[in-house]
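Read the structure below first, then the notes.
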Amino acid sequence: MRLIVLAALGCLSAGTPVCLSAEFPFTGYICVRDAEVASGPGRRFYTTDKLLRGTQVEGYREDDAGWLAIPPPEGSFSWVPAEHIELQSDDMGKVISATESWIGTTIEAVKEHKSQVSLKVGELVEIIDRKKVKTPDGEAAWLKIAPPAGEFRYVHSRD
């Protein structure tokens with residue numbers, strides 16, 4: 001046991017990321033200045049947020065390339081077309097027809113948002129804001145919602 005701890009401490013002092021446990025979920029901390037949070041596991045996905053050094057994260061799974069699935073950080077959001085949601089109050093809505101939840105970003109302009117979760121009829125969503133988007137046919141209303149259950153963001157394990 002002492003040998004494992006000494007080896008881990010040696011790697012940490014050398015700046016090498018170390019994972020002593022393969023059990024999920026686990027708690028970790030961001031060790032770089034600004035870790036990019038992505039909409040999916042890989043560089044082909046857009047950045048949704050940045051996390052500062054020392055931020056605590058909970059990892060739920062890791063892919064072969066080292067991308068960790070984490071819950072959406074504080075301030076994260078998603079988008080849904082308003083036509084699929086029946087307003088229950090100013091800040092709550094109920095899904096009336098199945099629809100995708102599209103991952104939002106405050107970091108970059110995105111031409112095509114990614115979806116991880118399909119919302120089912122009857123599911124409740126927390127509404128954060130509303131916006132109108134110009135379309136070829138006129139205008140469409142969208143709702144900015146709190147990320148739904150089952151939606152993740154991704155950080156690389158080296159961060």
Side-chain angles (χ1 to χ4, degrees), residues 17 19 22-159:
C19 182
E23 294 183 30
F24 292 93
F26 73 89
T27 299
Y29 296 86
I30 299 299
C31 62
V32 296
R33 190 171 134 180
D34 288 316
E36 289 187 355
V37 179
S39 59
R43 293 284 171 218
R44 68 187 179 279
F45 293 93
Y46 55 91
T47 301
T48 62
D49 204 344
K50 291 190 179 188
L51 295 177
L52 300 175
R53 180 182 290 130
T55 302
Q56 181 177 313
V57 295
E58 196 168 357
Y60 280 87
R61 65 179 177 266
E62 182 176 6
D63 72 6
D64 291 340
W67 289 93
L68 296 169
I70 64 169
E74 186 74 30
S76 295
F77 60 92
S78 297
W79 293 101
V80 294
E83 66 197 53
H84 297 281
I85 308 296
E86 177 181 86
L87 298 179
Q88 304 291 299
S89 66
D90 283 344
D91 64 350
M92 291 300 294
K94 183 160 101 176
V95 178
I96 56 172
S97 57
T99 186
E100 297 292 311
S101 169
W102 302 95
I103 298 172
T105 176
T106 58
I107 302 296
E108 59 183 273
V110 177
K111 289 184 181 183
E112 187 177 326
H113 284 78
K114 300 292 181 188
S115 174
Q116 295 174 5
V117 174
S118 293
L119 301 175
K120 295 174 180 34
V121 173
E123 199 169 337
L124 295 177
V125 295
E126 179 186 349
I127 300 168
I128 299 169
D129 201 0
R130 297 155 174 79
K131 81 172 185 178
K132 300 267 186 190
V133 176
K134 292 186 191 277
T135 68
D137 301 327
E139 247 182 12
W142 285 78
L143 299 175
K144 184 180 188 179
I145 64 169
E151 199 172 87
F152 289 97
R153 302 298 188 269
Y154 292 82
V155 294
H156 201 276
S157 58
R158 72 174 171 272
D159 295 340

Heavy atoms only: give me the nearest V80-S101 pair and the separation to one decimal.
CG1-CA, 4.0 Å
Between Q116 and G150, which heavy-atom pair has the shortest distance, and what is it?
OE1-O, 4.3 Å
Surrounding CD of E112 (heavy atoms of other residues, nucleotides or ligands, distance under 6.0 Å), is the total greater than 12?
no
Student check: side-chain heavy atoms of Y46 and H113 closer than 4.5 Å:
yes
Would I103 and T105 satisfy side-chain contact (heavy atoms from CB on, under 4.5 Å), going step by step from the backbone distance to the final call?
CA-CA 7 Å; I103 298 172; T105 176; over 6 Å; no
Establish, yes or no, whether a centroid distance under 6.0 Å links the rings of F45 and Y154.
no
Does the side chain of I30 reach to within under 4.5 Å of the side chain of L52, using non-hydrogen atoms?
no
How far apart are the closest heavy atoms of D90 and R130, and which atoms are they?
O-NH2, 3.0 Å
Taking atom CZ of F24 and atom CD of E62, what is their separation to the nearest 0.5 Å?
5.5 Å
How about CD on E139, more than 12 heavy atoms from neighbouring residues, nucleotides or ligands closer than 6.0 Å, or not?
yes
Does any donor atom in the side chain of T27 or E58 lie under 3.5 Å from an acceptor atom in the other side chain?
no
Please name the pair of heavy atoms, one in E86 and one in I96, separated by the smallest distance, quoted to 0.1 Å.
CB-CG2, 3.4 Å
With side-chain contact (heavy atoms from CB on, under 4.5 Å) as the test, would you mind laying out the steps for E36 and D159 before giving the verdict?
CA-CA 9 Å; E36 289 187 355; D159 295 340; 5.6 Å; no
Work out which heavy atom in C31 is nearest to a heavy atom in R53; give both atom names and the distance.
O-NE, 3.5 Å
Rounded distance (nearest 0.5 Å) linking atom CG of L124 with atom CE of M92
4.5 Å
The reported gap from NZ in K50 to CG in D34 (rounded to nearest 0.5 angstrom) is 5.5 Å
Can you measure from CH2 (W67) to OG (S157) and round to the nearest 0.5 angstrom?
9.0 Å
Do L51 and I70 touch side chain to side chain, with heavy atoms closer than 4.5 Å?
yes
pair E126-F77: side-chain heavy atoms closer than 4.5 Å
no
State the CZ-NZ distance between R44 and K114, to the nearest 0.5 angstrom.
8.0 Å
Out of the candidates S78, S115, S76, only one should pair with E151 under the side-chain hydrogen bond (donor to acceptor under 3.5 Å, both in side chains) rule; please name it.
S78
Would you mind reporting whether T106 and T48 have side-chain heavy atoms less than 4.5 Å apart?
no
Hey, is the main chain of A65 close enough, under 3.5 Å, to the side chain of H156 for a donor-acceptor pair?
yes
Can you confirm whether V125 sits close enough to L119 that some side-chain heavy atom of one is under 4.5 Å from a side-chain heavy atom of the other?
yes
When rounded to the nearest 0.5 angstrom, what distance separates CH2 in W142 from CD1 in I85?
10.5 Å
Nearest heavy-atom contact between I127 and L143 is CD1-CD1, 4.1 Å
